[in-house]
Amino acid sequence: MTRRQWGSRSVGPTRGGRKIRTAAISLAFALMAIPALGGCSGGSEAGDHVIAALPPKVCWRAFDGTAVAALLPKAKDPNAEIKGDPVFDLYGRFKSVGCQIHVDGESRFTAWGDRSWSAGSDLEKHVWSSLTQLGPTPIAAGDKGIVFRGGARAYFRCERPGPPPSPSNVSSAEIEIVELGLSANSAPSTQHVTVVLTTLMKQYVQFAKRELKCRK
């Protein structure tokens, strides 16, 4: 999987084009979470299946491995595989970053970040609106955050010295918006999972602000 497939929203020639792409990618991540409505994936009822073991810290060391393991389905292979960008950086060559945890060869947990070309209100109107079917609930993460069945989102404004130049049709306020996403597409729809996702997103926001050297 290439770096631009982590949920990034590539810069397009027009504002309308960007909105269409962001909505389409958001819907793709929403659809990843839909299987969670039916509980854990097939095969988890077998007695020889186990929860895959994870290192103490995963995905740029941003998340507690034990907490993430609670979102994973039971597996035949106890060794999970972690794939993704080695460094959390939204201000380098790419404006997106991602990490996936694979169980039995399938992606079961995804964390991604994107330096958005949209303002926060645009994200909510044109992207987050596609998550309505998953029952989003507000959470105290970033400037605004939500948790829903199988995932969580948050965005915040990141002011930092020396940001890269933006296209002429993009305002400085827009380029400072960072969006974060979590997807646990095989986690059951339970209150415990909601609590875990909420906690992980709060930690993710603090981690991202620190790594990106945001002033606030």
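What you are looking at is a predicted structure, and each value in this text was computed from that prediction instead of being measured. Only this structure's heavy atoms are used, side chains among them; waters, hydrogens and symmetry mates stay out.
- Remark: Arg153 is not positioned above the aromatic ring of Phe148, lacking an NZ or CZ atom under 6.0 angstrom from the ring centre and at most 45 degrees off the axis.
- When side chains are defined from C-beta on, Lys144 counts as touching Tyr155, because their heavy atoms get closer than 4.5 Å.
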Test side chain to side chain contact (heavy atoms under 4.5 Å, CB included) applied to Cys99 and Asp85, step by step
CA-CA 6 Å; Cys99 175; Asp85 296 301; over 6 Å; no
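- Among all heavy-atom pairs drawn from His192 and Ala70, the shortest one is NE2-CB, 4.2 Å.
- A pairwise comparison of heavy atoms in Ala187 and Val193 identifies CB-CG1, 3.9 Å as the closest pair.
- Using a 4.5 Å cut-off on side-chain heavy atoms (C-beta onward), Glu176 and Cys158 make no contact.
- Taking 4.5 Å as the limit, some side-chain heavy atom of Asp143 sits within range of a side-chain heavy atom of Arg157.
- Summarising the geometry of Ala154 relative to Ala141, their closest heavy-atom pair is CB-O, 3.8 Å, with the distance given to 0.1 Å.
- Classification of the Trp60-Tyr204 ring pair by plane angle, with boundaries at 30° and 60°, yields parallel.
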Before giving the answer on side chain to side chain contact (heavy atoms under 4.5 Å, CB included), spell out for Trp112 and Leu180 the whole-Å C-alpha distance, their side-chain angles and the decisive distance to 0.1 Å.
CA-CA 6 Å; Trp112 56 268; Leu180 304 177; over 6 Å; no
Intermediate values then yes/no, side chain to side chain contact (heavy atoms under 4.5 Å, CB included), Ile139 and Met201
CA-CA 9 Å; Ile139 58 174; Met201 180 53 78; 4.1 Å; yes
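- For the pair Glu211 and Lys213, the salt-bridge criterion is not met [side-chain N within less than 4.0 Å of a carboxylate O].
- Shown here for Val196 and Leu71, the closest heavy-atom pair between the two residues is CG1-CD2, 3.8 Å.
- With rounding to the nearest 0.5 angstrom, the OG1 atom of Thr110 is 11.5 Å from the NZ atom of Lys83.
- The distance from atom SG of Cys59 to atom CD1 of Ile101, rounded to the nearest 0.5 Å, is 4.5 Å.
- Listed by chain and residue number, Arg108 satisfy the side chain to side chain contact (heavy atoms under 4.5 Å, CB included) test with Glu106 (two or more places apart in sequence, or in another chain).
- Taking the six-membered ring for Trp and thresholds of 30 and 60 degrees, Phe63 and Phe109 have ring planes more than 60 degrees apart, a perpendicular arrangement.
- With sequence neighbours excluded, the residues that form a side chain to side chain contact (heavy atoms under 4.5 Å, CB included) with Thr199 are Val195, Gln203.
- In this structure, Asp104 contributes its side chain and Asp77 its backbone to a donor-acceptor pair below 3.5 Å.
- Counting heavy atoms of neighbouring residues, nucleotides and ligands inside a 6.0 Å radius, atom NZ of Lys57 exceeds 12 of them.
- For the pair Thr194/Leu197, no side-chain contact is recorded, criterion being any heavy-atom separation below 4.5 Å from C-beta on.
- For the atom pair SG of Cys214 and CD of Gln206, the computed distance is 10.0 Å after rounding to the nearest 0.5 Å.
- The pair Lys95-Asp114 counts as a salt bridge, with a side-chain nitrogen and a carboxylate oxygen less than 4.0 angstrom apart.
- Distance check: Ile177 CD1 to Ser118 OG gives 9.5 Å after rounding to the nearest 0.5 Å.
- The distance from atom CZ of Phe207 to atom CZ of Arg61, rounded to the nearest 0.5 Å, is 10.0 Å.
- Put simply, the side chain of Ser130 never gets that close to the backbone of His126: no donor and acceptor are under 3.5 Å apart.
- At a threshold of 4.5 Å between non-hydrogen side-chain atoms, the residues Leu72 and Leu54 count as touching.
- By the 4.5 Å heavy-atom criterion applied to side chains, Leu90 and Val178 are counted as neighbours.
- Contact annotation: the side chain of Phe156 never approaches that of Glu179 to less than 4.5 Å [non-hydrogen atoms, C-beta and beyond].
- Residues Ile82 and Pro55 meet the side-chain proximity criterion, which asks for heavy atoms closer than 4.5 Å.
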For side chain to side chain contact (heavy atoms under 4.5 Å, CB included), just list the numbers for Ile146 and Thr137, CA-CA rounded to whole Å, side-chain angles, deciding distance to a tenth of an Å, and then say yes or no.
CA-CA 5 Å; Ile146 54 174; Thr137 301; over 6 Å; no
